[in-house]
Amino acid sequence: MEAEAADALPGGVESALSCFSFNQDCTSLAIGTKAGYKLFSLSSVEQLDQVHGSNEIPDVYIVERLFSSSLVVVVSHTKPRQMNVYHFKKGTEICNYSYSSNILSIRLNRQRLLVCLEESIYIHNIKDMKLLKTLLDIPANPTGLCALSINHSNSYLAYPGSLTSGEIVLYDGNSLKTVCTIAAHEGTLAAITFNASGSKLASASEKGTVIRVFSVPDGQKLYEFRRGMKRYVTISSLVFSMDSQFLCASSNTETVHIFKLEQVTNSRPEETSTWSGYMGKMFMAATNYLPTQVSDMMHQDRAFATARLNFSGQRNICTLSTIQKLPRLLVASSNGHLYIYNLDPQDGGECVLIKTHSLLGSGTTEENKENDLRPSLPQSYAATVARPSASSASTVPGYSEDGGALRGEVIPEHEFATGPVCLDDENEFPPIILCRGNQKGKTKQS
């Protein structure tokens, strides 16, 4: 859920906002600027709270936060081959790694951290930053398109399997083996994303007219949605809601589409005896005699809901989140604004814009409020990781109770993948002098 802002806008806005990304559970928004980066909480509609900001690294074009923790990964145009991992609560660098070419994208969950270059993907173990595998036999991937399941128990990775067609390679980030290849589209891939549990994978091609959803790990097609027919568009963002009931797609047009994933069942409903039921049955039977492309369009579902943006042609990302107990659609744009819409989960229709926030202003800072509310944290990063949660257990396994509202929420041990957590300060992440290696062939390769 990350976008690098690449379109020039009047007034110098674009030069100020270079990238933006939602964290894994859509409770936080990160933006990169010429000056550095900022992290915002998404716990309120009325105000946008800045939970952290840093000017130590200029010209940031990738910034990714691990859920609501203090771990943030940053890449700058000043050193595009270097990944920097920070513990922003302590204000310290955990480690950095350099690679053989420019870093195009980074994905992370509580088990794995992926670094995607144009012709290779590096897979790290996030608990000690050990480099586990390097995937070298991948087609050229100039946009760094890849997806990682946020569910660390099945850390699936998806990336393009062809430069000319919409083939997806599904890879198991835990066993470090290829699972299957999915022939998703005829055209080149533009977007891929997993749902929260890692059981579904959605994709769109560069045409942007059809969105498909596949089961994981067997790669069977479950749903097919038609975004439009009149024009091809560039899909810039594709994301499931946390409960996997909805799928949202934004593009370079002024319309955001939300699709509803109805329950898939093998049993056929009882045919109605009414005249309309009879005609419907005859119509569906007639599609068997139509050309395949026409028949496919008749079986494709349309958008359940839409949202109208007051702009088009600008880079943006969207997400579906629950804020103040109500479902919301959030759209962050390269024009420097965050738009929040109400979503009716029952009737759909047109989403209503209820709030617009500037991402370039100072924002409301939560640092002082947090310091008043939170006890002091352990000085060791590893001890912070191992510290049990002070709040009650979350109803959704692996998610922080604070909803991302507080700066640097500690990650309880049960929220990480199983395995020992080293409490030795010198080894919490390998000593920085050891981390600053050059990743050009010191690893197991595929």
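Keep in mind that this is a model prediction, so the values were computed, not measured.
- In terms of heavy-atom proximity, Ile150 sits nearest to Ala196 at CG1-O, 3.5 Å.
- A donor-acceptor contact shorter than 3.5 Å is absent between the side chain of Tyr223 and the backbone of Lys260.
- Within the model, atoms NZ of Lys200 and CZ of Phe194 stand 13.0 Å from one another, a figure rounded to the nearest 0.5 Å.
- Using a distance-only test at 3.5 Å, with no hydrogens or angles considered, no donor-acceptor pair links the side chain of Ser237 to the main chain of Ser250.
- His337 contributes no side-chain N or O that, together with a main-chain N or O of Val331, makes up a donor-acceptor pair within less than 3.5 Å.
- Partners of Lys355 according to the salt bridge (charged side-chain N to carboxylate O under 4.0 Å, His left out) rule, which considers only residues two or more places apart in sequence or in another chain, are Glu46.
- With sequence neighbours excluded, no residue forms a side chain to side chain donor-acceptor pair (under 3.5 Å) with Thr322.
- Between Leu320 and Met242, every side-chain heavy-atom pair lies at or beyond the 4.5 Å cut-off.
- Checking Thr319 against Ser321 by side-chain atom types alone, no donor-acceptor pair falls below 3.5 Å.
- Closest approach of Pro160 to Leu189, counting heavy atoms only: CA-CD1, 3.9 Å.
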>> Apply side chain to side chain contact (heavy atoms under 4.5 Å, CB included) to residues Cys26 and Leu42 and explain how you reach the verdict.
In response: CA-CA 8 Å; Cys26 307; Leu42 301 176; 5.6 Å; no
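- For Phe311 and Tyr339, the gap between ring centers is short of 6.0 Å.
- The closest side-chain heavy-atom distance from Ile123 to Leu176 is below 4.5 Å.
- Panel note: side chain Ser28, backbone Phe40; a donor-acceptor pair is recorded below 3.5 Å.
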> Between Phe259 and Val213, is a side chain to side chain contact (heavy atoms under 4.5 Å, CB included) present by the stated rule, with each step listed?
Replying inline: CA-CA 11 Å; Phe259 305 93; Val213 179; over 6 Å; no
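- Side chain of Gln24 to backbone of Leu108: a donor-acceptor contact under 3.5 angstrom is found.
- Here CD of Gln346 is found 7.0 Å from CZ of Phe304. Values are rounded to the nearest 0.5 Å.
- Pairing each heavy atom of Asn151 with each of Ser197, the nearest pair is ND2-O, 3.0 Å.
- To the nearest 0.5 Å, the span separating SG on Cys116 from CG on Asn141 amounts to 4.5 Å.
- Counted by atom type alone, Ser149 and Asn154 present one or more donor-acceptor pairs between their side chains at under 3.5 Å.
- Once rounded to the nearest 0.5 Å, the distance linking CD1 of Ile323 with CD1 of Ile340 reads 5.0 Å.
- At least one side-chain heavy atom of Arg226 sits under 4.5 Å from a side-chain heavy atom of Thr209.
- Shortest non-hydrogen contact noted between Ile211 and Ala249 is CD1-CB, 3.6 Å.
- Residues Phe246 and Pro345 form a side-chain contact, since some pair of their non-hydrogen atoms from C-beta on lies under 4.5 Å apart.
- Shown here are the side chain to side chain donor-acceptor pair (under 3.5 Å) partners of Ser241, two or more places apart in sequence or in another chain: Asp243.
- Using a 4.5 Å cut-off on side-chain heavy atoms (C-beta onward), Tyr341 and Leu309 make contact.
- Looking at residues two or more places apart in sequence or on another chain, you find a side chain to side chain contact (heavy atoms under 4.5 Å, CB included) between Thr188 and Glu206.
- Here the OH atom belonging to Tyr171 is positioned 9.5 Å from the CD1 atom belonging to Ile121, to the nearest 0.5 angstrom.
- Between Gln111 and Ile126 there is no side-chain heavy-atom pair separated by less than 4.5 Å.
- A distance-only check finds no donor-acceptor pair linking the side chain of Asn23 to the backbone of Arg65 [under 3.5 Å].
- A donor-acceptor pair under 3.5 Å is absent between the side-chain atoms of Arg107 and the main chain of Leu148, judged by distance alone.
- Pairing each heavy atom of Met83 with each of Val75, the nearest pair is CA-CG2, 4.2 Å.
- Annotation: side chain to side chain contact (heavy atoms under 4.5 Å, CB included) contacts of Glu118 (sequence neighbours excluded): Leu104, Ala140, Pro142.
- Checked against side chain to side chain donor-acceptor pair (under 3.5 Å), His185 has the following partners two or more places apart in sequence or in another chain: Ser203, Arg212.
- Rounded to the nearest 0.5 angstrom, Lys38 NZ and Asn55 CG are separated by 8.0 Å.
- Judged by distance alone, the side chain of Asp49 and the main-chain N or O of Val51 form no donor-acceptor pair under 3.5 Å.
- At least one side-chain heavy atom of Tyr159 sits less than 4.5 Å from a side-chain heavy atom of Leu135.
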> Hey, mind stepping through His124 and Tyr97 against ring-ring contact (aromatic ring centres under 6.0 Å, His included) and telling me if it holds?
Replying inline: CA-CA 11 Å; His124 293 263; Tyr97 278 85; 4.9 Å; yes
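- A donor-acceptor pair shorter than 3.5 Å cannot be found between the side chains of Arg81 and Ser101.
- Using a 4.5 Å heavy-atom cutoff, the side chains of Tyr156 and Leu201 are not in contact.
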> Hey, mind stepping through Ile62 and Ile103 against side chain to side chain contact (heavy atoms under 4.5 Å, CB included) and telling me if it holds?
Replying inline: CA-CA 9 Å; Ile62 294 177; Ile103 299 171; 4.0 Å; yes
>> Evaluate Lys79 against Ile57 for side chain to side chain contact (heavy atoms under 4.5 Å, CB included), listing each step before the verdict.
In response: CA-CA 10 Å; Lys79 293 183 178 180; Ile57 294 186; over 6 Å; no
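- Between Asn174 and Ser153 the shortest heavy-atom distance is ND2-O, 3.2 Å.
- Side-chain atoms of Asp344 and Asn342 include no donor-acceptor pair closer than 3.5 Å.
- Residues Ser155 and Asn109 bring a donor and an acceptor atom of their side chains to less than 3.5 Å of each other.
- More than 12 non-hydrogen atoms from other residues, nucleotides or ligands lie less than 6.0 angstrom from CD of Glu350.
- In summary, the side chains of Ser76 and Thr78 do present a donor paired with an acceptor at a separation below 3.5 Å, with no hydrogens or angles considered.
- Proximity of a side-chain donor or acceptor of Ser334 to a complementary backbone N or O of Arg315 within less than 3.5 Å is detected.
- A donor-acceptor pair shorter than 3.5 Å cannot be found between the side chains of Asn316 and Gln314.
- A donor-acceptor pair is defined here as one N or O able to donate and one able to accept, closer than 3.5 Å; such a pair exists between the side chain of Ser215 and the backbone of Gln220.
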